[in-house]
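First the structure, in the form of structure tokens, and then the observations on it.
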Amino acid sequence: MKNTSPIVMGSDHAGYALKELIKDYLAALNFQIKDCGAFSEDSVDYSDFGIAVAEKIASGDFNRGILVCGTGLGMSMVANRFKNVRAALCNDIFSAMMSRQHNDSNILVLGGRVIGEELAKEIVHVWLKTPFEGGRHQKRIEKFDTIKSNTI
Ligand code: RB5
């Protein structure tokens, strides 16, 4: 993969193991990773880590993020409250590809209790290498990216 811009990652306890696996996978591909935690499988609130990652995308500090919780649902809900965040819960390869081509997703969300390790790595690979198509999809994104949010 040519694009190795830094990636911000986060998980809760249920996503911790998969986050660690993906972190190692990306490090081996020379990606720089900012890990916002969690740092163990001790029970935590997914909201805290979703917020930490989404803030860094919303502020423009990072262009891409990856979040993992048990299902991916809670992290998606949290992240999509933030302006400029387009978080996509993708537990399959086709969705990961389309979330880039059509939705220009900037956070990939995975369900650590839903998918296996090899599928997760393939989803990440596809998500990172697939470009946004722009064109008619740009206009569609602008229609909701401009909705006022109560966060940054
Ligand atoms: C934690 O038990 C679980 O609720 C969380 O990881 C996530 O699946 C929430 O959406």
Side-chain angles (χ1 to χ4, degrees), residues 1 5-29 31-130 132 137 140-141 143-152:
M1 273 181 277
S5 64
I7 296 172
V8 58
M9 295 187 69
S11 75
D12 67 355
H13 53 288
Y16 172 76
L18 188 58
K19 171 174 68 70
E20 293 301 301
L21 180 113
I22 291 167
K23 207 166 75 177
D24 292 347
Y25 171 69
L26 291 175
L29 292 170
F31 281 89
Q32 285 190 316
I33 306 294
K34 163 76 178 164
D35 187 351
C36 294
F39 298 110
S40 78
E41 291 190 325
D42 293 347
S43 184
V44 291
D45 299 332
Y46 62 82
S47 336
D48 294 332
F49 301 91
I51 288 168
V53 167
E55 276 179 345
K56 289 182 171 49
I57 299 293
S59 65
D61 289 348
F62 287 80
N63 295 322
R64 296 284 196 102
I66 298 177
L67 284 168
V68 192
C69 63
T71 57
L73 291 167
M75 288 296 199
S76 310
M77 292 175 191
V78 171
N80 279 314
R81 297 289 176 101
F82 286 75
K83 189 166 171 56
N84 299 324
V85 166
R86 292 177 301 280
L89 171 55
C90 301
N91 286 323
D92 67 273
I93 291 166
F94 181 70
S95 297
M97 187 176 72
M98 296 309 291
S99 84
R100 290 290 312 131
Q101 287 182 352
H102 285 195
N103 313 114
D104 198 17
S105 60
N106 49 18
I107 295 184
L108 172 67
V109 189
L110 300 168
R113 291 173 174 165
V114 180
I115 52 174
E117 295 181 352
E118 294 309 312
L119 176 57
K121 283 193 274 187
E122 191 57 28
I123 288 170
V124 168
H125 179 82
V126 165
W127 185 73
L128 286 170
K129 76 172 188 189
T130 304
F132 176 47
H137 303 295
R140 293 168 184 169
I141 286 171
K143 284 190 173 180
F144 67 84
D145 258 358
T146 49
I147 294 172
K148 281 210 169 27
S149 145
N150 60 3
T151 56
I152 58 171

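Sequence positions, counted from 1, serve as the residue numbers for this chain. Just so you know, these numbers use all the heavy atoms, side chains as well, and skip hydrogens, waters and symmetry mates. Whatever order the structure lists them in is the order used to number ligands and atoms, beginning at 1.
Going from atom NE2 of H137 over to atom CG of D104 covers 11.0 Å, rounded to the nearest 0.5 Å.
Protein heavy atoms come within 4.0 Å of atom 8 (O) of ligand 1.
F132 is listed as a side-chain neighbour of R100, based on a closest heavy-atom distance under 4.5 Å. No side-chain heavy atom of N63 sits less than 4.5 Å from a side-chain heavy atom of N106.
Within the listing of ligand 1, atoms 9 (C) sit less than 4.0 angstrom from a heavy atom of Y46. Taking every heavy atom of G70 and a limit of under 4.0 angstrom, the matching atoms of ligand 1 come to 5 (C), 6 (O), 7 (C), 8 (O). The contact set between ligand 1 and R113, taken as ligand atoms under 4.0 Å from a residue heavy atom, comprises 1 (C), 2 (O). For ligand 1, the atoms closer than 4.0 angstrom to any heavy atom of H13 are 1 (C), 2 (O). The ligand atoms of ligand 1 that sit less than 4.0 angstrom from a heavy atom of D12 are 1 (C), 5 (C), 6 (O). When each atom of ligand 1 is checked for a heavy atom of G74 under 4.0 Å away, the hits are 9 (C), 10 (O). The A14 neighbourhood of ligand 1 comprises atoms 6 (O), with distances under 4.0 Å to a heavy atom of that residue.
For M75, the heavy-atom gap to ligand 1 stays at 4.0 angstrom or more.
By the 3.5 Å distance cut-off applied to N or O atoms, T71 is counted among the residues near ligand 1. Distances between N or O atoms of C69 and those of ligand 1 include no value under 3.5 Å.
For the residue pair D45/S47, the side-chain donor-acceptor check at 3.5 Å is not satisfied.
Counted within 6.0 Å of CZ on F94, heavy atoms from surrounding residues, nucleotides or ligands total 12 or fewer; the atom is thus considered open.
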**OP:** Begin with the C-alpha distance, continue with both residues' side-chain angles, and end with the deciding distance and a verdict on side chain to side chain contact (heavy atoms under 4.5 Å, CB included) for I7 and L128.
**Re:** CA-CA 10 Å; I7 296 172; L128 286 170; 3.7 Å; yes
**OP:** Would you sort out whether C90 and L108 count as a side chain to side chain contact (heavy atoms under 4.5 Å, CB included), showing the intermediate values?
**Re:** CA-CA 7 Å; C90 301; L108 172 67; 3.7 Å; yes
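Across every non-hydrogen atom of V8 and K56, the tightest pair is CG2-CD, 3.8 Å.
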